[in-house]
Amino acid sequence: MSLRLYNSRTRAVETFTPLDGNRVRIYMCGLTPSADPHLGHARSMLFFDVLRRYLDFLGYAVTYVQNVTDIDDKIIKRAADEGVTWHDIVEKYYGSFAASLDKLGVRRPEVEPRATEHVPKIIEIIRGLERKGIAYESDDGVYYSVRAWPAYGQLSGRHIDDLLESVRIDASEHKRDPLDFALWKKQKPGEPAWESPWGPGRPGWHIECSAMSWEYLGEPFDIHGGGLDLIFPHHENEVAQTEPLLDGGFMANFWVHTGLLFFDGSKMSKSLGNFVPLEEELRRHDPRALRTLFLQIDYRKQANFTVDSIAAATKGLQRLDETLADLAVRGGVAHLDELEALDALRAPAPAAESMVRALREALDADMSTAGALAALFGWLPGTRALEGEPAAQAARALYGAMWILGVAPRVERTARPADLLNSGQVEQLRGLYAVEVGPAPNGKQPGEMVEEIVELRDKARRARDFARSDSLRDALAGAGIVVKDGKEGSTWSVVR
RNA sequence: GGCGACAUAGCCAAGUGGUAAGGCAGAGCUCUGCAAAAGCUCCAUCGUCGGUUCGACUCCGACUGUCGCCUCCA
């Protein structure tokens, strides 16, 4: 049993074996922060986050590099439009992106290198290409000569002559061939610039990834990732820039591309303007529900985002959460620890064996996260009868499985549900508390107030004063707090 | 025009040459003062038409439809 992944380079599912012992080196094309990041960006980051987690679980030492292309035409234009520097634009949008990924529970990469901080390596590669006769200088920059590299087009399956037929490529008097692309752009008035052998200027798009992957991972490395829309021209060009300097070697062993996200039936993209801003979506939905939604869809397929699908995912996740909580209670597990949970998965107890086997089979088969989720849901009914140690084992295994998928509940969150209340709801709660108990002192925690009111309601229920108990329940519901009566007493949670 | 992907129940969505995972919604039941939650049970023959095969939803071909890349894009 071992991990198999679809490799865009060979167009086949292949067994994944690291190039260098136990080390797995991954380079992921991050973001060009020139506008608000959207849900589509999150989708690919989310997939690679799960891949990383699974590789971790399998015992590999993963190095994950995700770049920031912090200089390009759009950033410069945006800066001019907003009257700020290019750097301000990068900080603004990259900051928003990083904050959103944190909320989504995407683990930070080991390295987040920026193009502008790697100009020396970029220059080194361009010079190497010049020496090979593959790059040439013209009046406005340095270009890559597509015809000088016979393998050009192999990764994306294009033929130079087919590309030429495309009506959308503009011929330029600065290039020898319309398909040639810029490695270095000479400075135009008002543009930011870095020193180079060709005078002040800036890197073209594509070259930064060749430079930074080489710098941090070495060549060749194991996995190069990105959205499917990057395969051409971006990744094709990366290969073309890198491999001529490797004496017959290749750049990346596996190329893994994630499918694109659609909204209202067409691709979510900056230029079409039909995207769902990530920040906004995260305000509207539980980040873990978004993760669950994407887990249900094969990572390579295009996915259509709808409001209904996110609602469905939210419900499904709740069931996992509740079962986990039940198992923890029945097993007497006070705290669910991530490392302990992963150990529980590596050597599964009888209660969890079938689930762990199904989970691993699914993930091994080209990261079928949908199958992994099905493995969890299919196993839930069998856990109902577990008590004591088996329940504890099941709880740990479930927590570990949810951790790999990135949907494990955050402990501090479940410990303090009242933190989910917004300020308006807290005000309502204070009002209610004042009426039922008395004015709340300043330091009174919302959670304590809820507890006391719920206790009042339980007293009423025990006294069979259902009118009062129902009115208290309604009042709490008005503040976003839902009370549910179970065999062990009443529980409450916050809904948004 | 070139290259490519996809078409599975009300919705989202896996999957296999031998008679279809899962989630949501829906129906019934259990529990319950009520409600909610939860649990149990039920709910598709896989775009159309041909072909290969003992047998295809799964392979091949044609067709129809949707979408992507070819320009910045996760």
Side-chain angles (χ1 to χ4, degrees), chain A residues 11 28-32 34-35 37-48 66 69 72-74 77 97 153 156-159 161-170 179 205 225-234 236 257-262 265-272 275 278 292-293 295-298 300-320 322-323 326 358 362 365 368-381 384-385 461 464-467 469-470 473-474 477 482-487 490-491 493 495:
Chain A
R11 294 177 182 74
M28 169 70 174
C29 279
L31 193 74
T32 302
S34 64
H38 57 67
L39 210 49
H41 296 115
R43 184 191 182 192
S44 15
M45 303 305 155
L46 247 17
F47 172 72
F48 276 90
Q66 186 177 92
T69 299
D72 89 322
D73 294 349
K74 282 192 178 171
K77 182 173 184 307
F97 180 60
S156 59
R158 321 262 154 158
H159 302 285
D161 296 328
D162 292 341
L163 288 170
L164 263 184
E165 283 179 22
S166 164
V167 289
R168 300 198 240 179
I169 292 176
D170 294 323
L179 294 174
W205 185 44
L228 194 60
D229 52 353
L230 291 180
I231 195 166
F232 189 90
H234 186 55
E236 190 68 59
H257 291 103
T258 55
L260 301 176
L261 187 65
F262 287 64
S266 61
K267 180 185 158 187
M268 202 176 279
S269 81
K270 294 178 196 171
S271 47
L272 291 178
F275 60 86
L278 188 49
T292 307
L293 172 63
L295 286 172
Q296 289 178 317
I297 310 168
D298 186 296
R300 288 198 279 137
K301 276 197 178 166
Q302 65 181 43
N304 197 28
F305 179 78
T306 65
V307 176
D308 288 349
S309 58
I310 183 71
T314 306
K315 286 286 184 62
L317 178 63
Q318 274 172 13
R319 262 180 69 209
L320 289 178
E322 302 209 4
T323 305
D326 283 354
S368 172
T369 52
L373 222 41
L376 299 194
F377 281 112
W379 169 79
L380 294 187
R384 306 294 170 210
R461 280 186 71 222
R464 303 194 69 78
D465 182 358
F466 297 126
S469 113
D470 287 353
R473 181 169 64 197
D474 291 346
V482 176
V483 184
K484 297 170 187 169
D485 303 324
K487 286 194 177 110
S490 303
T491 59
S493 56
V495 292

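In what follows, chains carry the letters A, B, and so on, assigned in the order in which the sequence lines appear, proteins first and then strands, with residues in each chain numbered from 1.
- Side-chain contact between A:Leu179 and A:Arg158 is absent, with no heavy atoms from C-beta onward closer than 4.5 Å.
- Nucleotides B:G2 and B:U58, compared at atom P, are 27 Å apart to the nearest Å.
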> Which nucleotides of nucleotides 34-42 of chain B have their base under 4.0 Å from a protein heavy atom (B), which only their sugar-phosphate (S), and which neither (-), written as one string 5' to 3'?
Replying inline: BBBSSSS--

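- Applying the 4.0 Å criterion to OP1 and OP2 of B:A14, one finds that A:Lys301 has a side-chain N or O inside that range.
- Remark: P of B:G2 and CG of A:Leu163 are 14 Å apart, rounded to the nearest angstrom.
- Looking at heavy-atom distances under 4.0 Å, A:Gly226 makes contact with sugar-phosphate atoms alone, never a base.
- With the nearest nucleotide of RNA chain B identified for both A:Met45 and A:Arg464, A:Arg464 has the one nearer the 5' end.
- B:A9 and B:A20: their P atoms are spaced 15 Å apart (whole Å).
- Applying side-chain contact (heavy atoms from CB on, under 4.5 Å) to A:Thr292 and the options A:Thr369, A:Leu320, A:Ile310, A:Leu317 leaves one that passes, A:Leu317.
- A:Asn304 has its CG atom 20 Å from the P atom of B:G65, to the nearest Å.
- Here the side chain of A:Arg158 is nearest to one of B:A74, B:A21, B:G2, namely B:G2.
- Atom name C1', nucleotides B:A7 and B:U45: the rounded distance is 16 Å, in whole Å.
- Remark on RNA chain B: of its neighbouring residues A:Ser44 and A:Leu317, the 5'-side contact belongs to A:Leu317, judged by nearest-heavy-atom nucleotide.
- A 4.5 Å side-chain heavy-atom check between A:Ser309 and A:Gln296 finds every atom pair outside the cut-off.
- Between the CG atom of A:Leu278 and the CZ atom of A:Arg43 there is a distance of 14.5 Å, given to the nearest 0.5 Å.
- Across all strands, A:Leu260 comes closer than 4.0 Å to base atoms (heavy-atom distances).
- Not counting sequence neighbours, the partners of A:Phe97 by the ring pair (Phe, Tyr, Trp, His ring centres under 6.0 Å) test are A:Tyr94.
- The interatomic distance linking A:Leu230 (CG) with B:C72 (C1') rounds to 11 Å, in whole Å.
- When heavy atoms are screened at a 4.0 angstrom cut-off, A:Gly259 is found touching base atoms of the nucleic acid.
- Using a 4.5 Å cut-off on side-chain heavy atoms (C-beta onward), A:Ser44 and A:Met28 make contact.
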> Given A:His41 and A:Leu31, is the side-chain contact (heavy atoms from CB on, under 4.5 Å) satisfied, shown in steps?
Replying inline: CA-CA 8 Å; A:His41 296 115; A:Leu31 193 74; 3.4 Å; yes

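- Rounded to whole Å, the C1' atom of B:U48 lies 22 Å from the corresponding atom of B:G15.
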>> Wobble G-U and Watson-Crick pairs count when both distances are under 3.5 Å; given that, what is the 5' to 3' dot-bracket string of RNA chain B, with | for pairing to other strands?
In response: (((((((..(((.........))).(((((.......)))))....(((((.......))))))))))))....

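- Across B:C70, B:C24, B:A74, the shortest atom-to-atom separation from the side chain of A:Pro233 is found for B:C70.
- As judged by a 4.0 angstrom heavy-atom cut-off over every strand, A:Leu261 is placed among the base-contacting residues.
- Spacing of C1' atoms, B:C59 relative to B:G22, comes out at 27 Å, to the nearest Å.
- A donor-acceptor contact under 3.5 Å is formed by the side chain of A:Lys74 with the base of B:C72.
- Contacts of A:Ser469 with the nucleic acid, taken as non-hydrogen atoms under 4.0 Å apart, include base atoms.
- Atom pair A:Leu31:CG and B:C72:P shows a separation of 16 Å (rounding to whole Å applied).
- Atom P of nucleotide B:G68 and atom CG of A:Asp298 are separated by 19 Å, given to the nearest angstrom.
- With both ends at atom C1', the span from B:G68 to B:A56 equals 29 Å, rounded to whole Å.
- With hydrogens and angles ignored, the 3.5 Å screen pairs no side-chain donor or acceptor of A:His159 with any backbone N or O of A:Asp161.
- Taken to the nearest 0.5 Å, the CZ atom of A:Phe47 stands 12.0 Å off from the NE2 atom of A:His257.
- A:Glu236 contributes a side-chain N or O that, together with a main-chain N or O of A:Gly153, makes up a donor-acceptor pair within less than 3.5 Å.
- B:G33 has A:Phe466 stacked on its base ring, the centres lying under 5.5 angstrom apart and the planes within 30 degrees of parallel.
- One atom, CG of A:Leu293, and another, P of B:A13, lie 9 Å apart when rounded to the nearest Å.
- The CG atom of A:Leu293 lies 7.5 Å from the OG1 atom of A:Thr306; values are rounded to the nearest 0.5 Å.
- Nearest nucleotide to the side chain of A:His38, out of B:G22, B:C69, B:A74: B:A74.
- For A:Ile297 and B:C6, the CD1 to C1' distance is 14 Å, given to the nearest whole Å.
- The gap from the C1' atom of B:C43 to that of B:A25 amounts to 11 Å, rounded to the nearest Å.
- In this entry the distance linking CG of A:Leu373 with P of B:G22 reads 12 Å, nearest Å.
- Spacing between B:G23 and B:C29 at atom C1', rounded to whole Å, works out to 22 Å.
- Between atom OG1 of residue A:Thr258 and atom CE of residue A:Met45 there is a gap of 8.0 Å, rounded to the nearest 0.5 Å.
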